[in-house]
Amino acid sequence: MIICIGAGPGDHSYLTLRGAELIRNADVVAGFNAVVDVVRESIPATAEVVLMGYRDQVAQLDKVAAMHHAGKRCVVVFMGDIHFSGFQYLERVERACGHRVETLPGISSAQILASKARVCFDETTFITFHRRGDLEPFKRHLVNVLKDGRNAIVIPCPWDAARSFMPRHIATYLLQQGVDPSHPTEVWENLTRGDAEWHGVLSQCTELEVSDMSIMLIRTHSPMASQIEPPPAPESTP
């Protein structure tokens, strides 16, 4: 057995009950160091822990796949939700195994942000730049999202300087594309701990320095009006 689970946005209390059960019953628990640390208290003493980073993930996943094919119960943990910004990692797991694998969704930082910032996903588009490959299609999509009058929740790209696309880079790019500089903008760090949050407008974000553990909300200028039924008219007094 091998299953990939979303372990929540950096806080063990956001791990689902099913995810915790799978980890407690695992023979092998694998993942990036920071993610495994989140679920460490659920890992049984008998389990083998396979840690990895960006440089050795392919070799380490090959090791996990071999144990899976040998009949071990293997769990690969992801930060947040697999399908929000971890899909390329899922592809690497499946390439190592040679087949599709089961996935268990978790809670993502985008969901936590939507709750804290009180935005509706029906009126919001989620875009992640936390991925390898060409970012240009996703950049253009972000421009169109804002021009269409939707909110945007954005996960930045925090890698090396040549590829980094953090909130200040995102704001600069959007301004260069003619996006209105007065869009209300928020940047949140370490969401589950509430360490820091920044509020301003898009043009003020171009010099903002934040940590890798950040997520960005760019609000529409024209929030959609409520579509629930109007409140009842007050009764007239005689």
Side-chain angles (χ1 to χ4, degrees), residues 5-20 78-87 103-130 138-156 166-168 170-171 173-175 177-206 208 210-211 213-238:
I5 70 165
D11 185 321
H12 187 269
S13 63
Y14 288 93
L15 178 65
T16 66
L17 294 175
R18 176 62 175 154
F78 290 58
M79 193 69 85
D81 184 279
I82 298 160
H83 304 280
F84 272 70
S85 60
F87 204 77
T103 62
L104 179 74
I107 298 173
S108 73
S109 57
Q111 291 166 294
I112 300 294
L113 175 58
S115 177
K116 286 180 176 288
R118 197 176 173 80
V119 292
C120 172
F121 263 112
D122 293 352
E123 303 160 18
T124 304
T125 296
F126 169 76
I127 300 175
T128 178
F129 294 104
H130 195 275
F138 302 92
K139 292 180 181 180
R140 293 194 298 269
H141 182 41
L142 176 57
V143 172
N144 291 328
V145 163
L146 296 172
K147 290 185 175 180
D148 283 346
R150 293 177 62 81
N151 305 304
I153 292 177
V154 185
I155 293 185
M166 294 296 284
R168 62 188 178 90
I170 294 169
Y173 171 81
L174 291 173
L175 296 177
Q177 302 305 309
V179 174
D180 190 327
S182 63
H183 272 285
T185 303
E186 300 165 28
V187 179
W188 298 65
E189 296 182 83
N190 297 311
L191 269 172
T192 53
R193 297 198 298 272
D195 281 1
E197 57 184 278
W198 177 90
H199 298 256
V201 296
L202 191 63
S203 60
Q204 296 171 326
C205 193
T206 56
L208 185 66
V210 292
S211 71
M213 299 294 290
S214 61
I215 188 170
M216 188 176 190
L217 169 64
I218 307 170
R219 293 182 184 268
T220 178
H221 277 302
S222 304
M224 184 179 292
S226 173
Q227 294 182 328
I228 65 172
E229 67 281 357
E235 294 182 7
S236 58
T237 56

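The model shown is predicted, which means the values in this text are computed figures rather than measured ones. For reference, positions follow the sequence shown, starting with 1.
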CZ/F121: more than 12 non-hydrogen atoms of other groups inside 6.0 Å: yes
Heavy-atom pair of closest approach, residues A152 and L146: CB-CD2, 4.1 Å
Contact check, side chains of Y14 and I112, non-hydrogen atoms, under 4.5 Å: yes
Spacing of CD belonging to E197 relative to CG belonging to L113, to within rounding of 0.5 Å: 10.0 Å
Interatomic distance, Q227 atom CD to D122 atom CG [nearest 0.5 angstrom]: 9.5 Å
Separation of S211 OG from M166 CE (nearest 0.5 Å): 6.5 Å
Nearest-0.5 Å distance, CG of residue L142 to NZ of residue K147: 11.0 Å
Min side-chain heavy-atom separation L191-P9 under 4.5 Å: no
Minimum heavy-atom distance M79-G8, with the two atoms named: SD-O, 3.4 Å
Contact check, side chains of V154 and F129, non-hydrogen atoms, under 4.5 Å: yes
Residue pair C120, M224: steps toward the side chain to side chain contact (heavy atoms under 4.5 Å, CB included) verdict: CA-CA 10 Å; C120 172; M224 184 179 292; over 6 Å; no
Heavy-atom pair with the smallest gap, counting every atom of A117 and R219: O-NH2, 2.8 Å
Whether D81 side chain and I107 backbone form a donor-acceptor pair below 3.5 Å: no
Close side-chain approach of T220 to R150, heavy-atom, < 4.5 Å: no
Worked verdict on F138 versus T128 for side chain to side chain contact (heavy atoms under 4.5 Å, CB included): CA-CA 8 Å; F138 302 92; T128 178; over 6 Å; no
Residue pair V143 / Y173, side-chain heavy-atom distance below 4.5 Å: yes
Closest contact, heavy atoms only, I215 versus S109: CD1-OG, 3.5 Å
Heavy-atom side-chain contact between W198 and T185 under 4.5 Å: yes
I5 side chain reached by L15 side chain, heavy atoms, under 4.5 Å: yes
Heavy-atom side-chain contact between P223 and E123 under 4.5 Å: no
Nearest-0.5 Å distance that lies between atom CG in L202 and atom CG in D180: 8.5 Å
Minimum heavy-atom distance A110-I153, with the two atoms named: O-CD1, 3.9 Å
Step-by-step side chain to side chain contact (heavy atoms under 4.5 Å, CB included) determination, H183 to L174: CA-CA 11 Å; H183 272 285; L174 291 173; over 6 Å; no
Atom pair CG (D148) and NE2 (H141), whose distance is rounded to the nearest 0.5 Å: 9.0 Å
Shortest non-hydrogen separation from S214 to V210 and the atoms involved: OG-CG2, 3.6 Å
Audit row: M213, E189, side chain to side chain contact (heavy atoms under 4.5 Å, CB included) steps and yes/no: CA-CA 6 Å; M213 299 294 290; E189 296 182 83; 5.6 Å; no
